[in-house]
Amino acid sequence: MLTEPRSGRLAAWGNALLAGLVSPDEAAERIAAQDARHRVVLPGDDGGPVGLTLALGRLRSLGAVGLRVALPVPGHPLGLSGPAEFNARALEAEEAVLAHGTALGLVPSVHEAGPLDADPEDVHTEVLWECLPVREAPPADVPSLAEAERELADALREATEVLTRLDVAGSSPVAEAALEAYRARMEAGRQLLAPGYPPRAVRVLELAQRVGTLVSIAYGDGAAPGGGVGEHGGAVSAAEMAARAEALRPVERTARRAQVAAYNAYAEELERRREGGQG
């Protein structure tokens, strides 16, 4: 939860490109971000993977009018609409993008190369998106922006209470570093979403990332897998880890649902406008 999903960047800047609000080159650059290259395997294309600009143009020619995000995890098919094959692939990647109007979805596979102990900046990362058929149906468990904002306010309070109760309210070096990284990211890139998104979507995404950061701190502070020694130097039993996970699970789910609601706000608004025009 500390980093934005690649599916979020693809949906946000892809939507801006489909709307004519940014150039193809800017959209491709924003989507790739720190990755070396993104390519897309399009349906029925025997020429091999293509670049983002060509792929987004092809999706538009196929009828894509908006891109939506799915962030599923086991037991929570958030944002998915089927069929089973696509859901399974998206669940394995823990993210996907659905191109509304084309009955197609994109699932990423990430390939990294570099020395074992390389600095993150020295790792060469390539992403390959594969297009698969999807069912044109309402996505699973995606709230409205208004619902997400209300739920996040409660989740933020709950996350803070859990951190305090677990005595991981931000006192360890790891927690302090995570919070500082979050603040720096917010200052360095205030444009969390692409042009065309409503201010409320930006507000919801920012709050969702803040809640996600707190959850990540709570999971990472003193919680060595299998019961180990954490940042405070104390052993964490399996029972304590299980209790921590149980307390944080609903908060984490709320943050993920809000992320999807924010990224999908642009496509949802387009659909409402079309329905209003037809009515």
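Along the sequence shown, the residues carry numbers beginning at 1.
Considering all non-hydrogen atoms of both residues, L21 and G196 come closest at CD1-CA, 3.6 Å. The nearest pair of heavy atoms linking V251 to A155 is CG1-O, 3.7 Å. Here the closest non-hydrogen pair linking G212 and A255 is N-CB, 4.3 Å. Closest approach of L205 to A262, counting heavy atoms only: CB-CB, 3.8 Å. Minimum interatomic distance between Y263 and P5 (heavy atoms only, all atoms of both residues): OH-CD, 3.7 Å. Considering all non-hydrogen atoms of both residues, A70 and L80 come closest at CB-CD2, 3.6 Å.
Counting heavy atoms from C-beta on, the side chains of L104 and P43 come closer than 4.5 Å. At a threshold of 4.5 Å between non-hydrogen side-chain atoms, the residues V40 and P49 do not count as touching. Counting heavy atoms from C-beta on, the side chains of L18 and V65 never come closer than 4.5 Å. Residues P72 and E94 form no side-chain contact, since every pair of their non-hydrogen atoms from C-beta on lies 4.5 Å or further apart. L17 has its side chain out of reach of N15: every pair of non-hydrogen atoms, C-beta onward, lies at least 4.5 Å apart. Looking at P74 and L91, their side chains come closer than 4.5 Å, going by heavy atoms from C-beta outward. Counting only heavy atoms from C-beta outward, the side chains of E126 and V110 never approach each other to under 4.5 Å.
Residues satisfying the side chain to side chain contact (heavy atoms under 4.5 Å, CB included) test with A267, not counting sequence neighbours, are R68. Looking at residues two or more places apart in sequence or on another chain, you find no salt bridge (charged side-chain N to carboxylate O under 4.0 Å, His left out) involving D25. Listed by chain and residue number, V50, R58 satisfy the side chain to side chain contact (heavy atoms under 4.5 Å, CB included) test with L54 (two or more places apart in sequence, or in another chain). For R39, there are no side-chain hydrogen bond (donor to acceptor under 3.5 Å, both in side chains) partners two or more places apart in sequence or in a different chain. Contacts of R60 classified as salt bridge (charged side-chain N to carboxylate O under 4.0 Å, His left out), with partners at least two apart in sequence or in another chain: none. By the side chain to side chain contact (heavy atoms under 4.5 Å, CB included) test, D35 is found to be paired with R6, R9, H38, T125, V127, residues two or more places apart in sequence or in another chain being considered. The ring pair (Phe, Tyr, Trp, His ring centres under 6.0 Å) test applied to Y266 returns Y197, not counting sequence neighbours. Taking A93 as the reference, V107, P108 meet the side chain to side chain contact (heavy atoms under 4.5 Å, CB included) condition, with sequence neighbours excluded. Partners of R249 according to the side-chain hydrogen bond (donor to acceptor under 3.5 Å, both in side chains) rule, which considers only residues two or more places apart in sequence or in another chain, are E246. Qualifying salt bridge (charged side-chain N to carboxylate O under 4.0 Å, His left out) partners for E269, counting only residues two or more places apart in sequence or in other chains: R272, R273.
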inquiry  = One pair to check against side chain to side chain contact (heavy atoms under 4.5 Å, CB included): L71 and V69. What are the steps and the verdict?
reply    = CA-CA 7 Å; L71 296 178; V69 168; 3.8 Å; yes
ask   = So E29 and W13, side chain to side chain contact (heavy atoms under 4.5 Å, CB included) or not? Walk me through it.
value = CA-CA 9 Å; E29 181 180 351; W13 291 95; over 6 Å; no
message = If you apply the rule side chain to side chain contact (heavy atoms under 4.5 Å, CB included), what do you find for L56 with I31, and how did you get there?
response = CA-CA 11 Å; L56 289 168; I31 293 167; 4.0 Å; yes
message = One pair to check against side chain to side chain contact (heavy atoms under 4.5 Å, CB included): L98 and L106. What are the steps and the verdict?
response = CA-CA 6 Å; L98 288 74; L106 298 92; over 6 Å; no
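Separation of atoms OG1 (T254) and CG (D154) is listed at 8.5 Å; rounding is to 0.5 Å. Atom CD of E206 sits about 10.5 Å away from atom CG of L193, to the nearest 0.5 Å. The CD atom of Q259 lies 11.0 Å from the CG atom of L207; values are rounded to the nearest 0.5 Å. Atom CZ in R150 sits 11.0 Å away from atom CG in L145 (nearest 0.5 Å).
Sorted by first and then second residue, the side-chain hydrogen bond (donor to acceptor under 3.5 Å, both in side chains) pairs with a member in residues 81-91 read R89-E130; sequence neighbours excluded. The side-chain hydrogen bond (donor to acceptor under 3.5 Å, both in side chains) analysis of residues 132-145, with sequence neighbours excluded, yields the pairs H76-D141, H100-E136, D141-R257, S144-E147.
In this structure, L62 is a member of the same hydrophobic cluster as L67, with clusters built from ILVMFWY side-chain heavy atoms closer than 4.5 Å.
Of the possible donor and acceptor atoms, one in the side chain of E95 sits under 3.5 Å from a partner among the backbone N and O of S7.
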